[in-house]
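Structure, as structure tokens:
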Amino acid sequence: MKYFISLLFLLTACSVTAQISLSVAPARLFFDITGTRKTEKIKVFNNGKEKAIWQIYLQDWTRDSLGQKHFFPPNTLPHSCAADLIIFPSVLQIPPDSTGEVTVSIKDNFSLSQTDTSKHAMVVISQADDPAKLKDAAAKKQAAIMIKAEFAVHVYLLNGGSKKDVTIDQFYLQRDSAKNKLQVYVHNTGLQPLDTKVHIEFSNDATAKQWKLNEITAAILPGDIRIVSFALPDGLEKGMYSAMATVDCGEDVPLKIGELSFNWNE
């Protein structure tokens with residue numbers, strides 16, 4: 001009897017090390033309709049000692065308010081750009097210690113208008129079974145344990161002249177029996193994806209003691225709201241506190257600030 005066991009890793013353009021040594025770059029591709037560059041390259045590196053075979057295809061994806069990604073067939077989501085893309089090749093074989101390329105191009109008749117929001121999709125680079133290994137395992141009637149990897153490269157179709165903006169829709173103390181948290185609802189109100197850095201500082205009104213919580217980064221698609229949660233430190237004294245949240249999206253987006261006063265009586 002023979003068995004074939006596959007272990008699958010879904011990654012976002014990083015490297016895998018174990019029995020395989022593979023990596024993909026870059027993690028994201030941006031196409032600006034106001035520019036002239038219509039083709040980009042994805043590098044696929046095989047630093048291992050065996051040949052790697054890849055299947056390349058497109059998927060749709062979205063991210064929920066907690067930052068979790070969800071995947072769908074291509075051309076099924078409203079803001080998909082999968083139909084506007086051409087990828088080549090669909091199968092890529094890379095010898096040991098070598099590099100391969102995947103070409104991603106925009107079709108000449110792409111559908112993003114000057115007033116449209118951005119569109120996005122995902123190029124999935126999935127390691128395929130090596131037929132020679134499967135055949136050899138079958139001949140020997142033994143289990144074939146194969147570690148397989150998938151890499152996801154995000155592709156964005158943008159109107160480079162469209163606006164970037166963000167708002168803080170809510171900032172409040174979420175009381176929870178397990179862990180109390182300060183939560184910031186960050187809303188991308190612009191037409192381009194944003195990489196945000198969210199900071200929180202707060203102080204005790206009576207003692208003036210201050211705390212700075214660790215920065216959290218959040219990627220947010222146009223129109224989406226991301227809930228960014230900060231756990232409060234242990235040992236807070238009872239009393240009134242003043243907190244300030246800042247959302248930094250880079251030099252071309254004004255810094256956004258939210259303020260909160262809360263009574264801590266735990």
Is any side-chain heavy atom of [X] closer than 4.5 Å to a side-chain heavy atom of [Y]?
| X | Y | result |
| --- | --- | --- |
| Pro95 | Lys51 | no |
| Val104 | Phe31 | yes |
| His70 | Asp64 | yes |
| Ser65 | Ile225 | no |
| Thr99 | Val44 | no |
| Thr246 | Val198 | no |
| Leu182 | Leu260 | yes |
| Asn47 | Leu22 | no |

Which distance, rounded to the nearest 0.5 Å, do you find between the [atom1] of [X] and the [atom2] of [Y]?
| X | Y | atom1 | atom2 | answer |
| --- | --- | --- | --- | --- |
| Met122 | His154 | CE | NE2 | 3.5 Å |
| Lys107 | Leu157 | NZ | CG | 12.0 Å |
| Leu236 | Phe202 | CG | CZ | 5.0 Å |
| Asp169 | Tyr185 | CG | OH | 10.0 Å |
| Ile42 | Arg28 | CD1 | CZ | 13.5 Å |
| Ser261 | Leu173 | OG | CG | 11.5 Å |

Transitively linked via ILVMFWY side-chain contacts under 4.5 Å: [X] with [Y]?
| X | Y | result |
| --- | --- | --- |
| Phe88 | Val102 | no |
| Val155 | Leu77 | no |
| Phe171 | Leu194 | yes |
| Ile200 | Ile216 | yes |
| Ile168 | Val228 | yes |

Give every donor-acceptor pair under 3.5 Å between a side-chain atom in residues 248-258 and any protein atom, sequence neighbours left out.
unit_1	atom_1	unit_2	atom_2	d
Asp248	OD1	Gly250	N	2.9
Asp252	OD2	Lys164	NZ	3.0
Lys256	NZ	Asp165	OD1	3.0
Lys256	NZ	Val166	O	3.4
Lys256	NZ	Pro254	O	3.3

For Thr39, all residues meeting side chain to side chain contact (heavy atoms under 4.5 Å, CB included), sequence neighbours excluded: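 Only Thr103, Ser105 meet the side chain to side chain contact (heavy atoms under 4.5 Å, CB included) criterion with Thr39.
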Stepwise side chain to side chain contact (heavy atoms under 4.5 Å, CB included) check, Val91 with Ile56: CA-CA 6 Å; Val91 177; Ile56 298 100; 5.9 Å; no
Determine the minimum heavy-atom distance between [X] and [Y], stating which atoms define it.
| X | Y | result |
| --- | --- | --- |
| Lys119 | Ser80 | CD-O, 3.5 Å |
| Tyr57 | Glu150 | OH-OE2, 3.2 Å |
| Ala219 | Asp195 | CB-OD1, 3.7 Å |
| Asp224 | Ile220 | O-CG2, 3.5 Å |
| Val184 | Ala245 | CG2-CB, 4.0 Å |
| Leu158 | Ser118 | CD2-CB, 3.4 Å |

Atom [atom1] of residue position [X] - does it have more than 12 heavy atoms of other residues, nucleotides or ligands inside 6.0 Å?
| X | atom1 | result |
| --- | --- | --- |
| Tyr172 | OH | yes |
| Asp108 | CG | no |
| Lys197 | NZ | no |

Qualifying residues under salt bridge (charged side-chain N to carboxylate O under 4.0 Å, His left out), relative to Lys41, sequence neighbours excluded: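 Partners of Lys41 by the salt bridge (charged side-chain N to carboxylate O under 4.0 Å, His left out) criterion, ordered by chain and then number, come out as Glu101.
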Residue pair Gln127, Ile53: steps toward the side chain to side chain contact (heavy atoms under 4.5 Å, CB included) verdict: CA-CA 6 Å; Gln127 191 177 16; Ile53 304 174; over 6 Å; no
Residue pairs involving residues 245-266 (criterion ring-ring contact (aromatic ring centres under 6.0 Å, His included); sequence neighbours excluded):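 Residue pairs passing ring-ring contact (aromatic ring centres under 6.0 Å, His included), neighbours aside: Tyr241-Phe262.
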Contact list for residues 209-223, test side chain to side chain donor-acceptor pair (under 3.5 Å), sequence neighbours left out: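 Checked against side chain to side chain donor-acceptor pair (under 3.5 Å) - neighbours excluded - the pairs reaching residues 209-223 are His199-Glu215.
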Using modelled atom types and a 3.5 Å cut-off, is there a donor and acceptor pairing between side-chain atoms of [X] and backbone atoms of [Y]?
| X | Y | result |
| --- | --- | --- |
| Asn204 | Ala208 | no |
| Asp84 | Ile106 | no |
| Trp61 | Ala121 | yes |

Side chain to side chain donor-acceptor pair (under 3.5 Å) partners of Gln59, counting only residues at least two apart: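 Partners of Gln59 under the side chain to side chain donor-acceptor pair (under 3.5 Å) test: none.
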Side-chain donor-acceptor pair present, Gln55, Ser126, cut-off under 3.5 Å: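 On atom types as modelled, these side chains do not qualify, holding no pair under 3.5 Å.
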Polar side chain donor-acceptor pair, Ser98 to Asn46, under 3.5 angstrom: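 No, no side-chain donor-acceptor contact under 3.5 Å.
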Criterion side chain to side chain contact (heavy atoms under 4.5 Å, CB included) on Ile94 and Trp54, from CA distance to verdict: CA-CA 8 Å; Ile94 308 177; Trp54 300 92; 3.7 Å; yes
Aromatic ring pairing Tyr156/His120, orientation class (parallel under 30°, perpendicular over 60°, tilted between):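 Ring orientation of Tyr156 relative to His120: tilted.
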Worked verdict on His187 versus Arg226 for side chain to side chain contact (heavy atoms under 4.5 Å, CB included): CA-CA 6 Å; His187 186 185; Arg226 180 76 176 272; over 6 Å; no
